[in-house]
Protein chains: 2
Amino acid sequence: MAAEGYTSGMDAMDLDRLPLRERKKLRTRQALVDTALELFTERGFEGVTLDALCDAVEVSKRTFFRTFTSKEDVAMAPTQDLWEAFLEELEVCEPAPGQTLFDVLRDALLAALGRMPAEGWAHRVVLSRRLAGRTPSMDAHGLAFCDRTSRAALAVVRRRFALPGGDELRARLAIDVLVAAFHRAVEAWVEGPAPTRGRLAAGLGLACGAVPESLTLAVR
Amino acid sequence: MAAEGYTSGMDAMDLDRLPLRERKKLRTRQALVDTALELFTERGFEGVTLDALCDAVEVSKRTFFRTFTSKEDVAMAPTQDLWEAFLEELEVCEPAPGQTLFDVLRDALLAALGRMPAEGWAHRVVLSRRLAGRTPSMDAHGLAFCDRTSRAALAVVRRRFALPGGDELRARLAIDVLVAAFHRAVEAWVEGPAPTRGRLAAGLGLACGAVPESLTLAVR
DNA sequence: AAGGCTTCTGCCACTCAGTGGCACTATTGC
DNA sequence: GCAATAGTGCCACTGAGTGGCAGAAGCCTT
């Protein structure tokens, strides 16, 4: 079943209606992600060459690079799916007027989280994050992706919620803070017991709630 | 330890006292950074091979990799010097009791900024950042470095300012927020006219001040 | 249902970043 | 000066990522 967790805005129904060619492509994509996470976890990111991965999935290296932009990319796919869903949620959400932008952003992220497949996704993210923890190049890749997503999010916010000029900076900071809170939540989540979507959502809420106090926290 | 803009906690006095070997090393390092920024700016990051850079500086590739960890690294050196100085400042600063952690962090960063060489440093950072803006791999490298520095900063904060257990998250968030504010400040700074240390400091103050409002900013 | 048309895939050769090893030269402390 | 101890240059090698082209597989007519 291809799409789950790989193409964010799509459920199994849509999937079956896809032309055969697309379904195949999705299947290879999923196979690459799953096998990559498995092999990397087993032997380490550096310990697995692309040739080895491609052999295991029975795909040529050329095809790999038509599906993913880099070796890091394949291992970060699960998280990236979430951020893409976040952008889509941000695009369609209808916040109550007067609501705080920060809350709107947080809710969009929570909604995106709710759209991730209940089965398997969380596990893939955990493997991916643990790997990133001990693989600098993976971590860097993930951070860069977040940064690009933040820019995209700012563009959506600017277009949909018509910011007064001086608030551009504040909006961008709100996004940065959300991203930071999310990272902290994930960090705690992958260490903790039984990582599920629900626990991650709870952690995100907690981290977001801690932000105001983080600014007024006194030393000594 | 080093020379202007290359090793944070040292001025020209100290430099002359260094053994010859060290001074040579520093000189190569500086030559590599300057030439790299020049060539990259001229022909683009991808447009310059390491062999070309090493030829220009008359250094072997082997030596390059003894000085820098990667091609990206050499181009990000100026910013990294600042963050290293920040860690040192954080280590030695003596905040007034009751002061806000966030303010302590911001002041440490401002102090580090003040320690950067008045001549040349700002210009190097501007070149470096502009390059990073159109070179994903450089940007990723920079973000990863910030992340590592944030972790290190948290360790210092934990040790020096003995946090109660539950405030670990809040402290880390405070650091993340500072980093975000700094990034926004730099972003605006490299676009603006006549980038000097002073203007960057002003921009950082502005961005830090905008954080509380960014959390309460309402949509529509 | 068979033809051509399009799109994707496999393969091969290539560039370039980054590493390991060894011989060589230069600095330093005696 | 003279060992000991760096740091350096050179060379060969691995592995990521790319370009090009020939062939296969899905697709779209009639």
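Residue numbers begin at 1 in each chain, while the letters A, B, ... track the order of the sequences.
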Give one of base, sugar-phosphate or nothing for B:Thr69, where a contact means two heavy atoms less than 4.0 Å apart. nothing
Nucleotide N/O of nucleotides 9-11 of chain C paired with protein N/O under 3.5 Å:
{"from": "C:dG10", "atom 1": "OP2", "to": "A:Ser60", "atom 2": "N", "distance (Å)": "3.1"}
{"from": "C:dG10", "atom 1": "OP2", "to": "A:Ser60", "atom 2": "OG", "distance (Å)": "3.3"}
{"from": "C:dG10", "atom 1": "OP2", "to": "A:Thr63", "atom 2": "OG1", "distance (Å)": "2.5"}
{"from": "C:dG10", "atom 1": "O6", "to": "A:Arg66", "atom 2": "NH2", "distance (Å)": "3.1"}

Once you round it to whole Å, what is the distance between [atom2] of [N] and [atom1] of [X]?
| X | N | atom1 | atom2 | value |
| --- | --- | --- | --- | --- |
| A:Lys71 | D:dT18 | NZ | P | 15 Å |
| A:Phe65 | C:dC12 | CZ | C1' | 16 Å |
| B:Phe64 | D:dG7 | CZ | P | 17 Å |
| A:Arg27 | D:dG26 | CZ | P | 10 Å |
| B:Asp55 | D:dT8 | CG | P | 17 Å |
| A:Glu46 | C:dG18 | CD | P | 12 Å |
| B:Leu50 | C:dT19 | CG | C1' | 13 Å |
| A:Asp51 | D:dA16 | CG | P | 7 Å |

Parallel, tilted or perpendicular: ring planes of B:Phe86 versus B:Trp83, cut at 30 and 60 degrees: perpendicular
Shortest non-hydrogen contact between A:Ser150 and A:Arg172, atoms and distance: CB-NH2, 3.5 Å
Electrostatic pair A:Asp34-A:Arg124, nearest N-O below 4.0 angstrom: yes
Looking at A:Arg134 and A:Glu46, is any side-chain nitrogen of the basic one under 4.0 Å from a carboxylate oxygen of the acidic one? no
Side chains of residues 183-197 of chain B: which donor-acceptor pairs under 3.5 Å do they make with residues two or more places apart or in other chains?
{"from": "B:Arg184", "atom 1": "NE", "to": "A:Asp176", "atom 2": "OD2", "distance (Å)": "2.8"}
{"from": "B:Arg184", "atom 1": "NH1", "to": "B:Glu187", "atom 2": "OE1", "distance (Å)": "3.1"}
{"from": "B:Arg184", "atom 1": "NH1", "to": "B:Glu187", "atom 2": "OE2", "distance (Å)": "3.1"}
{"from": "B:Arg184", "atom 1": "NH2", "to": "A:Asp176", "atom 2": "OD2", "distance (Å)": "3.3"}
{"from": "B:Glu187", "atom 1": "OE2", "to": "A:Arg151", "atom 2": "NH1", "distance (Å)": "2.7"}
{"from": "B:Trp189", "atom 1": "NE1", "to": "B:Thr196", "atom 2": "O", "distance (Å)": "3.0"}
{"from": "B:Thr196", "atom 1": "OG1", "to": "B:Arg199", "atom 2": "N", "distance (Å)": "3.3"}
{"from": "B:Arg197", "atom 1": "NH1", "to": "B:Gly114", "atom 2": "O", "distance (Å)": "2.9"}
{"from": "B:Arg197", "atom 1": "NH1", "to": "B:Met116", "atom 2": "O", "distance (Å)": "2.6"}

Side-chain (A:Thr135) to main-chain (A:Met138) donor-acceptor, under 3.5 angstrom: no
